[in-house]
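Some notes on the structure that comes next.
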Protein chains: 2
Amino acid sequence: MHIKRPEKTSPECIPNLLALRDSLELLGGKWKLLIVLHISCRPKELQHFKKLEKEITGISAKMLAKELKTLEENKIVTRTIQNTRPVTVTYALTAYGESLIPIARDLQQWGLNHRKIIKEK
Amino acid sequence: MHIKRPEKTSPECIPNLLALRDSLELLGGKWKLLIVLHISCRPKELQHFKKLEKEITGISAKMLAKELKTLEENKIVTRTIQNTRPVTVTYALTAYGESLIPIARDLQQWGLNHRKIIKEK
DNA sequence: ATGCATAGTTACCTCCAAGTAAGTAGTTAC
DNA sequence: GTAACTACTTACTTGGAGGTAACTATGCAT
């Protein structure tokens, strides 16, 4: 999907504030994109709550549960209760949620590069 | 620049937490990407402080100054004092700062689309 | 000397994202 | 009956992002 970039100084160039704000409000927190990326690393329906809690260093059960709930409400992940003993719950990205992967990877790559740039001070 | 996406479940797929965290810490706030996008809409060296303050609805002088300072420290924008009366200050994206434009636009586009998805509930 | 412009700064306040720690609930295993 | 597993939930707390409003500095105009 190629997005046409408006020309500089053209009237339509003035950014749509609300759209970017919406994204930042939903995704700008500390954990959501991290969670998305971690789920994306497993085949569908194979990412368990406990596994995420262990893999994502520093996250607490409370935050993970809260963030996953928000992601589910926003149709980015699905939550499936499995018939195992003890009960397990798996999380998977929706097709729509997968549209976040390139964005998250770009940000990740940018952050990786940024370390170098800043160290070169 | 095409970034190779690691295969699912491969060991290197486990996301580099720190890189994404760095990006989110720097750019995840309410204003920085908005400012970047607004500056990108003007030819180099033509974006004044007051202009940004007026264009970016809701931002205060304090926040704008603070965010611009952080962006400057991170080599994303340059600050130039102009010999006008009264003195004006212009901000411009560095070449490096421009690497954020596609990311900001993608997020913006994603937010625009997200509104539709969520309204379709 | 008062007002207006640009480009901030300073002091104070508020709220919430995020952290910590402990508890709940269902089930199995011994 | 108690320990252990998964998947949360609840109560309490705190740092800092962000908001508001007033103030500073400099120069020009009238």
Side-chain angles (χ1 to χ4, degrees), chain A residues 17-18 20-36 38-39 42 45-74 76-92 107, chain B residues 17-18 20-36 38-39 42 45-74 76-92 107:
Chain A
L17 291 168
L18 292 175
L20 186 48
R21 268 188 194 162
D22 284 355
S23 297
L24 287 171
E25 201 174 315
L26 177 57
L27 307 170
K30 192 172 174 181
W31 297 114
K32 264 161 230 142
L33 286 181
L34 241 52
I35 294 170
V36 165
H38 270 278
I39 295 181
R42 304 288 168 190
E45 312 297 321
L46 275 178
Q47 198 53 287
H48 299 180
F49 187 89
K50 268 291 163 194
K51 218 166 179 176
L52 285 170
E53 194 185 345
K54 279 170 198 162
E55 268 183 23
I56 303 175
T57 316
I59 203 168
S60 67
K62 173 193 139 188
M63 284 308 294
L64 184 54
K66 194 189 123 202
E67 301 289 70
L68 284 169
K69 201 176 169 188
T70 307
L71 289 173
E72 197 195 350
E73 284 163 4
N74 282 277
I76 292 164
V77 305
T78 56
R79 178 178 183 277
T80 314
I81 298 166
Q82 306 288 346
N83 262 342
T84 53
R85 308 286 157 183
V87 160
T88 54
V89 177
T90 57
Y91 292 90
L107 268 171
Chain B
L17 290 168
L18 291 175
L20 186 48
R21 269 188 193 162
D22 284 354
S23 299
L24 288 171
E25 202 174 314
L26 177 57
L27 307 168
K30 192 172 174 180
W31 298 113
K32 264 160 231 142
L33 286 180
L34 241 51
I35 294 171
V36 165
H38 270 277
I39 295 180
R42 303 287 168 192
E45 312 297 321
L46 276 179
Q47 196 55 284
H48 300 181
F49 187 89
K50 269 291 163 191
K51 217 163 179 178
L52 284 170
E53 195 184 345
K54 280 170 198 161
E55 269 183 22
I56 303 175
T57 315
I59 203 168
S60 66
K62 173 193 139 187
M63 283 309 293
L64 185 53
K66 194 188 125 200
E67 301 288 69
L68 283 169
K69 202 174 169 189
T70 306
L71 289 173
E72 198 195 348
E73 286 165 1
N74 282 276
I76 292 163
V77 305
T78 56
R79 179 179 183 276
T80 314
I81 298 165
Q82 307 286 345
N83 263 342
T84 53
R85 306 286 155 188
V87 160
T88 54
V89 178
T90 56
Y91 292 90
L107 267 172

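This one's a predicted model, so the numbers in the text were calculated from it and none came from an experiment. Chain identifiers are assigned alphabetically (A, B, ...) following the order of the sequence lines, protein sequences preceding nucleic acid strands; residue numbering begins at 1 within each chain.
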Worksheet item: Taking CG from A:L33 and P from C:dA17, how many angstroms apart are they, rounded to a whole number?
Response: 16 Å
Response to the item:
Against the side chain of A:A65, the closest entry in C:dG8, D:dC8, C:dA18 is D:dC8
Worksheet item: Just by modelled atom types, is the A:L26 backbone N or O under 3.5 Å from a matching donor or acceptor in the A:K32 side chain?
Response: yes
Practice prompt. Specify the separation, in whole Å, of atom CD1 of A:I59 and atom C1' of D:dC8.
Written response: 13 Å
Discussion item. Output the rounded distance in Å from CG (B:L24) to P (C:dA17).
Written reply: 15 Å
Worksheet item: Knowing that exactly one of B:T90, B:L52, B:I35 qualifies, which makes a side chain to side chain contact (heavy atoms under 4.5 Å, CB included) with B:Q47?
Response: B:L52
Worksheet, complete the sentence: Of the candidates C:dG19, C:dT27, C:dA7, the side chain of A:K62 sits closest to C:dG19
Item to complete: Please state how far atom NZ in A:K51 lies from atom C1' in D:dA7, giving the value in whole angstrom units.
Response: 16 Å
Item to complete: In whole angstrom, give the distance that lies between atom CG of B:L52 and atom C1' of C:dG8.
Response: 13 Å
Response to the item:
When both distances are under 3.5 Å in a Watson-Crick or G-U wobble arrangement, the nucleotide paired with C:dC16 is D:dG15
Worksheet item: Without hydrogens or angle criteria, can the side chains of B:Q82 and B:T88 be said to hold a donor-acceptor pair below 3.5 Å?
Response: no
Practice prompt. Could you check which of C:dG8, D:dG18, D:dT9 has an atom nearest any side-chain atom of B:Y91?
Written response: C:dG8
Item to complete: Would you mind telling me which residue lines up with the more 5' stretch of DNA chain C, A:K32 or B:V87, judged by nearest nucleotide?
Response: B:V87
Practice prompt. Would you indicate which nucleotide in D:dA7, D:dG19, C:dG19 comes nearest to any side-chain atom of B:W31?
Written response: D:dG19
Worksheet item: Side chains of A:I39 and A:I76: closer than 4.5 Å at any heavy-atom pair?
Response: no
Practice prompt. Specify the residue among B:K50 and A:G58 whose closest nucleotide of DNA chain C lies further upstream toward the 5′ end.
Written response: B:K50
Discussion item. Nearest whole Å is fine: how far is C:dA21 P from A:M63 CE?
Written reply: 16 Å
Practice prompt. Take A:K69 and A:E72 through the test salt bridge (charged side-chain N to carboxylate O under 4.0 Å, His left out) and record every step on the way to the result.
Written response: CA-CA 5 Å; A:K69 201 176 169 188; A:E72 197 195 350; over 6 Å; no
Worksheet item: Which nucleotide in the list D:dC8, D:dT6, C:dT6 gets nearest to the side chain of B:T88?
Response: C:dT6
Fill in: Given D:dC8, D:dT6, C:dT27, the nucleotide with the shortest approach to the side chain of A:R85
C:dT27
Worksheet item: How would you label the contact of B:S60 with the nucleic acid (heavy atoms, under 4.0 Å): base, sugar-phosphate, or nothing?
Response: base
Practice prompt. Give the rounded distance in Å between these two atoms: CD1 of A:I81 and C1' of C:dA25.
Written response: 13 Å
Discussion item. Quick check for you: among D:dT6, D:dC8, C:dG8, whose closest atom lies nearest to any side-chain atom of B:V89?
Written reply: C:dG8
Fill in: Side chain of B:K30 - closest among D:dG18, D:dA7, C:dA7
D:dG18
Practice prompt. Would you kindly give the CD-to-C1' distance between A:E67 and C:dG19, to the nearest whole Å?
Written response: 13 Å
